[in-house]
Amino acid sequence: MSAVPIPAALEAGSRDWPAEGLTRVPYWVYQDPDVHRTEQRRIFEGPVWNYVCLESEVPGPGDFRTTHVGAMPVIVVRGEDGVIRAFENRCAHRGALIALEDSGKVRRFQCVYHAWTYDLRGDLKGVAFKDGANGVGGMPESFRMQDHSPRKLRVATTLGLVFASVSGDAPPIEEYIGADILGRMARVLQRPIEVIGRFTQELPNNWKLYCENVRDTYHASLLHSFFATFRITRLTQSGGVAVSPGGGHHASYTIDKTESGSQYRDQEIRSEKQGFRLADPRLLDVVDEFGDGVQLQILSVFPNFILQQIHNSLAVRQVLPKGVDRMDLHWTYFGFVDDPPEMRKRRLRQANLVGPAGYVSMEDGCVGGFVQRGIATAGSIDSVVEMGGAAAESETGRATEASIRGFWKMYRSCMGL
């Protein structure tokens, strides 16, 4: 893989990473357009695996979904041979999108602009009026369709998930994720799944702020009053944080509602709401479907994948950068194909916990924007990431920022910072 130059501002020394290492994050990293452009090449088009869709979303030949790998528009499609492939959603002629819909079923793809046609492998198969019209015009004799196709990506599948990589240097997907995090994914993704809902949430912040947020076990019961009030997750409950050796992947989990003391009340933390009750207590009608007492697990794979289990609400989230200070978050709720009707109702009911207006994650849609606005003139200042020490390793408690430090460990490795 050819080296990607570090932005000039960084080479000049005005953008040095703080000497404290992983316990400090400079605010310019969320603001600099040069950094944002370099991320596309060094991270999203680098030796990583980007989550693109579920296998069940492309079940048969010709079924496709359109998505992005960083800024690159991508088509994911199952071929006539049953193999899932991915290629750039860009016509080789003048660069227009090849597929305009979010999903569908096709025999071939045809660009709406000039009707250049591609097969399910992304190979160019037809050029309108290639030999001219009425013997006049057309492509030169030297033109070869096999030399003109959009970029093709490597594809890997595991546990019903589809990942894509632009780079030939990304290791096998199981090696990339690692045995520990993969095992925690397999804990949830046990059986064939089907989509039960989806939406896209626009967020007014840099993509890395959301990646930090899902790895931030410290904030969960402080920002989210619902979590603390109804004992879904509190720092005083048992649980832990798993961080992959490279730092980029993580899983945080809460095991049960048992806790001692009244540390939230003693510290006058506003997140616990006394006397609050649910008008419909069925929202917290929970089944321990995995048999291990884990009532919440949030898991991430660098750079853009999140797997959520909050009670019986299951979802995957895809992080898509859209600029220095904005991003899209794609939510896909799922259940299992063999779910009985009552479990399906339970999942749909508990889907109200998360999302833009969720009882829990409504605040996550705001707080990244609060940070983006708060650091507007703080480009030369650093944030403090010392909760739990300076390491980026697994821990048995959750009053820690270890998994955030892990994210920055892998980020800095990719970016050469």
Side-chain angles (χ1 to χ4, degrees), residues 180-190 210-244 249-267 269-273 276 278 281 283-301 305-317 333 346-347 349-355 358-364 367 387-388 393-407:
D180 186 12
I181 302 300
L182 195 65
R184 296 171 191 273
M185 293 167 64
R187 168 189 165 271
V188 175
L189 302 170
Q190 298 178 349
Y210 190 81
C211 289
E212 286 183 306
N213 179 273
V214 297
R215 292 163 170 82
D216 183 355
T217 56
Y218 177 40
H219 89 280
S221 60
L222 304 175
L223 175 66
H224 304 305
S225 298
F226 197 95
F227 268 165
T229 301
F230 294 100
R231 301 321 200 253
I232 295 174
T233 183
R234 290 156 66 99
L235 292 174
T236 46
Q237 293 168 228
S238 56
V241 181
V243 183
S244 64
H249 323 314
H250 102 291
S252 61
Y253 54 94
T254 304
I255 296 177
D256 57 43
K257 296 185 178 182
T258 304
E259 60 178 324
S260 59
S262 56
Q263 297 180 53
Y264 282 76
R265 288 192 297 275
D266 293 345
Q267 297 181 71
I269 295 172
R270 64 158 190 87
S271 57
E272 185 178 18
K273 304 296 184 182
F276 272 42
L278 289 171
L283 180 68
L284 297 181
D285 171 24
V286 180
V287 173
D288 183 9
E289 61 181 310
F290 304 116
D292 55 10
V294 174
Q295 59 192 39
L296 178 146
Q297 176 181 275
I298 302 295
L299 180 151
S300 68
V301 174
F305 174 76
I306 298 131
L307 172 64
Q308 159 208 310
Q309 176 233 329
I310 302 177
H311 285 327
N312 303 114
S313 176
L314 309 177
V316 294
R317 311 176 198 169
Y333 295 90
R346 181 179 289 108
R347 295 198 200 284
R349 192 180 298 122
Q350 291 181 12
N352 290 292
L353 290 168
V354 292
Y359 290 118
V360 176
S361 61
M362 173 174 60
E363 298 93 345
D364 288 330
V367 74
M387 183 62 63
E393 300 172 352
S394 300
E395 297 191 16
T396 55
R398 285 163 296 121
T400 179
E401 292 166 324
S403 49
I404 297 178
R405 291 189 289 270
F407 173 84

Under a 4.5 Å cut-off applied to non-hydrogen side-chain atoms, are [X] and [Y] in contact?
X      : Y      : result
Leu314 : Arg347 : yes
His249 : Leu182 : no
Phe290 : Gln190 : yes
Tyr333 : Val316 : no
Ile404 : His250 : no
Ile298 : Leu307 : no
Leu284 : His311 : yes

Say whether, by atom type as modelled, one donor and one acceptor occur between the side chain of Arg187 and the main chain of Gly183 under 3.5 angstrom. no
Would you say Glu401's side chain and Ser403's backbone share a donor-acceptor pair under 3.5 angstrom? no
Check whether the side chains of [X] and [Y] place a donor and an acceptor atom closer than 3.5 Å, and report yes or no.
X      : Y      : value
Gln295 : Thr254 : no
Arg317 : Tyr210 : yes
Gln297 : Ser252 : no

Reported [atom1]-to-[atom2] distance for the pair [X] and [Y], which is rounded to 0.5 angstrom:
X      : Y      : atom1 : atom2 : result
Arg184 : Leu189 : CZ    : CG    : 14.5 Å
Leu283 : Asn352 : CG    : CG    : 6.5 Å
Met387 : Arg398 : CE    : CZ    : 13.5 Å
Ile181 : Met185 : CD1   : CE    : 9.0 Å

Kindly give the heavy-atom pair with the smallest separation between [X] and [Y], and that separation in Å.
X      : Y      : answer
Thr217 : Val241 : CG2-CG2, 3.6 Å
Gly406 : Val243 : CA-CG1, 4.4 Å
Thr400 : Gly388 : OG1-CA, 3.8 Å

Pick from Gln350, Gln308, Arg349: which one makes a side chain to side chain donor-acceptor pair (under 3.5 Å) with Ser313? Gln308
So, Glu289 and Arg346, do they make that salt bridge, N to O below 4.0 Å? no
Would you check, one step at a time, whether the test side-chain contact (heavy atoms from CB on, under 4.5 Å) holds for Gln309 with Tyr253? CA-CA 9 Å; Gln309 176 233 329; Tyr253 54 94; over 6 Å; no
